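Note sheet for the following structure.
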Amino acid sequence: MKISVRTTGLPLRQVAALPASRAVRLMGTAAHIVSPPPSPMAMPPRFNVQAAQDTRLRVQPPCSPPRQPAANTQPTTTPIPCQGGPTMPPGHRATTATLPTFHIPSVITPSPSNILLGQSIISAFRRDGIIQIAQSPLQKQLWSDTMAASKRFFAMSPEQKANCVDDQSYAGYIASGEEVTDGIADYSEIFTITKDFAADDARVKARWPCHGPVPWPEEGMKRVMTRYQEELGREGGRLVRLVEMGLGIEEGELGRWIGDRDGDNKGKEGSGGWHHARVLRFPPRNKTNGKGKEGRGIGSHTDYGLLVISAQDDVGGLFIRRPSGAEKFANWEKSAAGLREEEEGWVFVPPVRGTHTVILGDMMQYLTRNYLTATPHKVGLNTRERFAFAYFHEPSFQAVLKPLEGGIIPKPEGNSKQDKGVHYGTHFTNMFIRNYPDRITTKRLLAEGRYSLLERPELRTVGAVPAVETSV
Ligand SMILES: O=C(O)CCC(=O)C(=O)O
Ligand SMILES: [Fe+2]
């Protein structure tokens, strides 16, 4: 099979696509031109919301030896595992990424080497749309424990899994074929963890959209996944700080939208990012329930918040698109779901043990006026079942975001005072209504008129908590 790859400044090239072990691996493209700032808008509730180089081509052997350990600011190249190694899902056309691995210090001080590291991460995001970071020993353990818990959960009977649903939060089980991306059912089977509110929490009693408990199937899964999520919250906090340094903006300028500066949720009651996570299982491509599209695990989409930290087993299925000035989208205004799903230009992200990958969400794009762009991605079904984990590092549900100022953030075009900002809770709620039109949570949210609460001042003030039960 042949595919076309355009590299900046070079003519269209024809390269061999499969198998992955022989594929031409593409690394690096020139930074793209900054596109004009989008104007934000709050979407009304709808069931079918359709709102949303370097120039080298490097051929690498399948298992390249690791480079010598590099200085802190320089990512290292990690070998792709050979034994039972990953393959690109059949039927997909893409190049294969070889991502360098960044090593994130456990404490981020504004030292010259950390500033360089931040700048290097920003360049990598602008070039590749994704970075790979080394897992700490604790993270390796938590990933492995989470995978074990995930496999236990997905092996439960359909009835047991179907019981793990909450009608106020979107936490819990999502059956294969239940999630919808761009109007087509995804084959992913998922357990989502949103913030775990007690039923008598004031925000739940006040019927705030998406606020409710997590319907855990068992204590063991709750313990390990909560720990993993908290640990990635700290990693997210470190990455946010490095992004601030790389962008040359003041400490806390980005972090303040999250409500905590160091990512450990020490903020006052009600503050803290709307961080959430999910474990996913993808069936083998020949063992689906027929509700979706052949070979498609999750359709092309962007995620919603700031950063997504993910890990995958060694099967392979994730594809991303690099930033491109020619591909304009702003998912908080008009749906980016399904974006270029069947077109050329996808990059396969092979699993690399001992690493997380990090991609960017919609709000990072909005806050940076498109200097950084949300990373379009999709998942293909492979010949084996595949397990993955994604942690979403988010702004506060109550934050009304406004683009960042200073550093290398592009200046606004026109009158930025007219920019009403993006309320994260509204964007999140819109996305979940769109993805889960038939879920009990969506039906209850709309039936009870909860959506209109998103306009209330207390839902638009980071850290505010309802004093008394709100009637809707
Ligand atoms: O399976 C993966 O690697 C990515 C899943 C994903 O895109 C998501 O959970 O939003
Ligand atoms: Fe995603």
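Below, each value reflects all heavy atoms present in this structure, side chains not excepted, and no hydrogens, waters or symmetry copies. The structure displayed is predicted, hence computed values, not measured ones. In each ligand, atom 1 is the first atom listed, and ligand 1 is the first ligand listed.
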>> When you compare the side chains of Y436 and E178, does any donor N or O come within less than 3.5 Å of an acceptor on the partner?
In response: no
> Quick one: do the N370 and T373 side chains pair a donor with an acceptor below 3.5 Å?
Replying inline: no
> For atom 8 (C) of ligand 1, what's the nearest protein heavy atom and its distance?
Replying inline: R278 NH2, 3.3 Å
>> With carbon and hydrogen excluded and only N/O/S kept, which atom of H301 is nearest the Fe ion (ligand 2)?
In response: NE2
Within the 4.0 Å heavy-atom shell around [X], which atoms of ligand 1 are there?
X    : result
V379 : 1 (O), 2 (C), 4 (C)
L280 : 9 (O)
F282 : 1 (O)
H301 : 7 (O), 10 (O)
R386 : 1 (O), 2 (C), 3 (O)

> After noting the C-alpha distance and the side-chain angles of E385 and K151, does the key distance pass the salt bridge (charged side-chain N to carboxylate O under 4.0 Å, His left out) rule?
Replying inline: CA-CA 11 Å; E385 71 177 341; K151 286 179 184 175; over 6 Å; no
> Using the ring of each side chain (for Trp, its six-membered ring), is Y304 parallel, tilted or perpendicular to F428, with breaks at 30° and 60°?
Replying inline: perpendicular
>> Can you classify the ring geometry of F397 versus H423 as parallel (below 30°), tilted (30 to 60°) or perpendicular (above 60°)?
In response: perpendicular
>> For L138, is the CG atom crowded, meaning more than 12 foreign heavy atoms sit under 6.0 Å from it?
In response: yes
> Should H377 be listed as contacting ligand 1, given a heavy-atom distance under 4.0 Å as the test?
Replying inline: yes
>> Regarding ligand 1, does D303 bring an N or O atom to under 3.5 Å of one of the ligand's N or O atoms?
In response: yes
> Run the ring pair (Phe, Tyr, Trp, His ring centres under 6.0 Å) check on F389 and Y228 step by step: do they pass?
Replying inline: CA-CA 10 Å; F389 174 87; Y228 193 21; 4.4 Å; yes
